[in-house]
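This structure is a prediction, so every number in the text was calculated from the model and none was measured.
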Amino acid sequence: MTNFVKILRIRYENIPLFYNGYFEFSFMAEDRVSDPTQVFQLRKNLYTQKLTALVGINASGKTSALKLIDLAMEIVLYRANLNRTTYGKEVLSAGTKIIIDFCDNNTCYELCSTIGTRKSSQNIEVQLYFQEEILFEKALTSIKSKKDILDFSHVKSIYKRSDLPKEVQRYLRDDDSMVIGIPQNSPVILRSLMEATNINYLLQKGTTAKEILHALDANLDELTVTESDDSFTYTVKFKNSSQKLNINDPWKLASLVSSGTIKGQNMISYIEDVLQTGGYLIVDELENHMNKELVRMIMNIFKNNRINKNGACLIFSTHYAEILDFMDRKDNIYITRRNQIDSSSELLNYASEVKRNDVKKSDVILSNYIEGTAPSYESIRALEDYLCSKMD
């Protein structure tokens with residue numbers, strides 16, 4: 001059991017971007033747990049994931065899904081103001097519902113929020129507010145099975161926003177969730193590298209530990225970032241060299257230090273944060289700038305029960321299905337694809353679509369066994385024919 005907040009499931013209803021307006025992402029281990037070191041135990045047979053992945057072709061909705069996950073987490077973990085959340089608010093609309101199941105110490109909660117929108121003038125962007133919220137609560141000890149933990153249908157609500165005393169409503173901003181009134185036992189760290197998906201620059205300040213440097217680049221002996229008068233100096237020293245190179249431009253640093261080393265350093269500094277509190281790290285396109293073994297190393301840190309004692313979770317997206325073969329479970333993999341009916345995004349759980357365990361996950365995705373996970377044969381052939389026509 002943990003004293004930290006654990007997100008169990010995030011759902012959206014009436015979210016136009018997704019098929020039938022529905023989005024659901026669970027952190028619960030639904031499949032049988034044969035190796036408890038790959039998951040985090042809440043109690044008895046209840047476990048949460050340490051790794052969760054989204055895989056899909058370009059423009060299938062992976063980044064949008066990560067943004068919606070981040071938004072829900074900011075509301076619960078950081079008590080963030082709805083209009084000041086970092087990601088995701090741009091895809092919300094009037095009537096969107098956000099349902100967040102989470103656990104704090106010995107209590108499980110379900111927060112059901114209905115979003116409203118308003119615009120007071122043409123010169124002001126659309127503002128969001130909580131039109132209604134309902135909060136349910138039950139003791140973790142009352143849960144007997146995996147299905148029970150996410151079922152609040154027979155639980156009486158403890159708070160309803162519209163029923164709160166007027167003196168409370170007077171001091172509760174309408175774009176602040178009433179979840180701010182729930183005492184939080186211990187702070188949980190949420191970190192995101194989504195802003196650095198395509199633009200890769202060093203975020204870490206101070207001197208990087210040599211153990212980190214050598215794992216990322218065996219030829220580096222020092223990487224230090226110092227700040228003064230709103231400027232930064234990057235000091236680089238290579239092995240077997242007495243010379244230290246000082247650089248003031250973060251983009252010139254990339255001419256000396258590989259993109260993979262920079263991204264790896266950023267990730268590990270954030271990983272150190274989330275490991276302490278059983279927190280969450282969100283990375284869009286995990287494979288960007290990173291070779292296969294560095295990706296495996298990052299994933300193994302979260303899978304390592306000796307290091308990840310508090311059940312920290314890495315949430316990532318990827319274009320490369322081969323990365324999924326590093327994952328020991330099926331129920332922590334989600335597939336994004338475009339629905340054939342209206343081209344909206346659709347989120348599928350791999351374990352629900354594929355029952356076999358004797359097939360490599362990458363083969364399933366790359367073979368288009370689940371339709372929409374790889375470019376169609378017809379599209380590829382049409383491109384080839386087009387290029388051939390240009391050669392005439």
Donor-acceptor check, side chain of [X] to backbone of [Y], threshold 3.5 angstrom: yes or no?
X    : Y    : answer
K361 : M327 : yes
K62  : L54  : no
N83  : Q127 : no
R338 : A59  : yes
N308 : F302 : yes
D331 : A351 : no
K263 : N288 : yes
T114 : K97  : no
N106 : L140 : no
N332 : Q49  : no

Would [X] and [Y] pass as an ion pair if we require N to O under 4.0 Å?
X    : Y    : result
E293 : R296 : yes
D175 : K89  : no
D31  : R329 : no
E110 : R9   : yes

Is any side-chain heavy atom of [X] less than 4.5 Å from a side-chain heavy atom of [Y]?
X    : Y    : result
I298 : L294 : no
F232 : K205 : yes
L202 : L223 : yes
L111 : E133 : yes
L256 : L245 : yes
M194 : K67  : yes
I180 : L172 : yes
C313 : T48  : no

Is there a continuous path of hydrophobic side-chain contacts, each under 4.5 Å between heavy atoms, that joins [X] to [Y]?
X    : Y    : result
V274 : V283 : yes
V225 : L216 : no
L46  : V33  : no
I307 : Y280 : yes
I158 : I98  : yes

Can you give me the closest heavy-atom contact between [X] and [Y], atom names plus distance?
X    : Y    : result
K330 : V354 : NZ-O, 2.8 Å
Y334 : S26  : OH-N, 2.9 Å
Y47  : P36  : CE2-CB, 4.4 Å
H319 : I57  : CD2-C, 4.4 Å
Y350 : I335 : CD1-CD1, 4.0 Å
E13  : R11  : OE2-NH1, 3.5 Å

For [X], does the [atom1] atom sit with more than 12 other heavy atoms under 6.0 Å from it, leaving out its own atoms?
X    : atom1 : result
Y159 : OH    : no
K237 : NZ    : yes
K309 : NZ    : no
Y320 : OH    : no
E137 : CD    : yes

For the atom pair [atom1] ([X]) and [atom2] ([Y]), what is the distance rounded to the nearest 0.5 Å?
X    : Y    : atom1 : atom2 : value
L275 : I189 : CG    : CD1   : 11.5 Å
I69  : I315 : CD1   : CD1   : 6.0 Å
M290 : M267 : CE    : CE    : 5.0 Å
I301 : I271 : CD1   : CD1   : 4.5 Å
N305 : T37  : CG    : OG1   : 5.5 Å
C103 : I7   : SG    : CD1   : 10.0 Å

Task: Passing option when D101 is tested against F152, Y109, F136 for side chain to side chain contact (heavy atoms under 4.5 Å, CB included) - done: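 The passing option is F152.
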Task: F102: which of L77, V188, T107, V179 passes side chain to side chain contact (heavy atoms under 4.5 Å, CB included) - done: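 Result for side chain to side chain contact (heavy atoms under 4.5 Å, CB included) with F102: V179.
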Open item on the list: S317 vs D284, test: side-chain hydrogen bond (donor to acceptor under 3.5 Å, both in side chains). Steps then yes/no.
Closed with: CA-CA 5 Å; S317 69; D284 196 10; 2.4 Å; yes
Task: side-chain hydrogen bond (donor to acceptor under 3.5 Å, both in side chains) evaluation trace for E24 with N349 - done: CA-CA 9 Å; E24 179 175 325; N349 185 268; over 6 Å; no
Return yes if a side-chain donor-acceptor contact under 3.5 Å exists between [X] and [Y], otherwise no.
X    : Y    : answer
T224 : E222 : yes
T233 : N248 : yes
E132 : S162 : yes

- [ ] With side-chain contact (heavy atoms from CB on, under 4.5 Å) as the test, would you mind laying out the steps for L347 and Y22 before giving the verdict?
- [x] CA-CA 9 Å; L347 196 64; Y22 189 79; over 6 Å; no
Task: F18: which of Y12, F25, F23 passes ring pair (Phe, Tyr, Trp, His ring centres under 6.0 Å) - done: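 Testing F18 for a ring pair (Phe, Tyr, Trp, His ring centres under 6.0 Å) against Y12, F25, F23 leaves exactly one candidate, F23.
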- [ ] Might you work through the side-chain contact (heavy atoms from CB on, under 4.5 Å) test for I212 and Q265, ending with a clear yes or no?
- [x] CA-CA 7 Å; I212 297 174; Q265 166 58 31; 3.4 Å; yes
- [ ] Go through the steps to decide whether K292 and F326 satisfy the test side-chain contact (heavy atoms from CB on, under 4.5 Å), and finish with yes or no.
- [x] CA-CA 10 Å; K292 190 175 180 180; F326 299 153; 3.5 Å; yes
Task: Quiz item: cation-pi between K6 and F27, 6.0 Å / 45° - done: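 The answer is no; the distance or angle limit is not met.
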- [ ] Decide side-chain contact (heavy atoms from CB on, under 4.5 Å) for L92 and I15; before the verdict, give the C-alpha distance in whole Å, the side-chain angles of both, and the deciding distance to 0.1 Å.
- [x] CA-CA 6 Å; L92 303 183; I15 185 90; 3.8 Å; yes
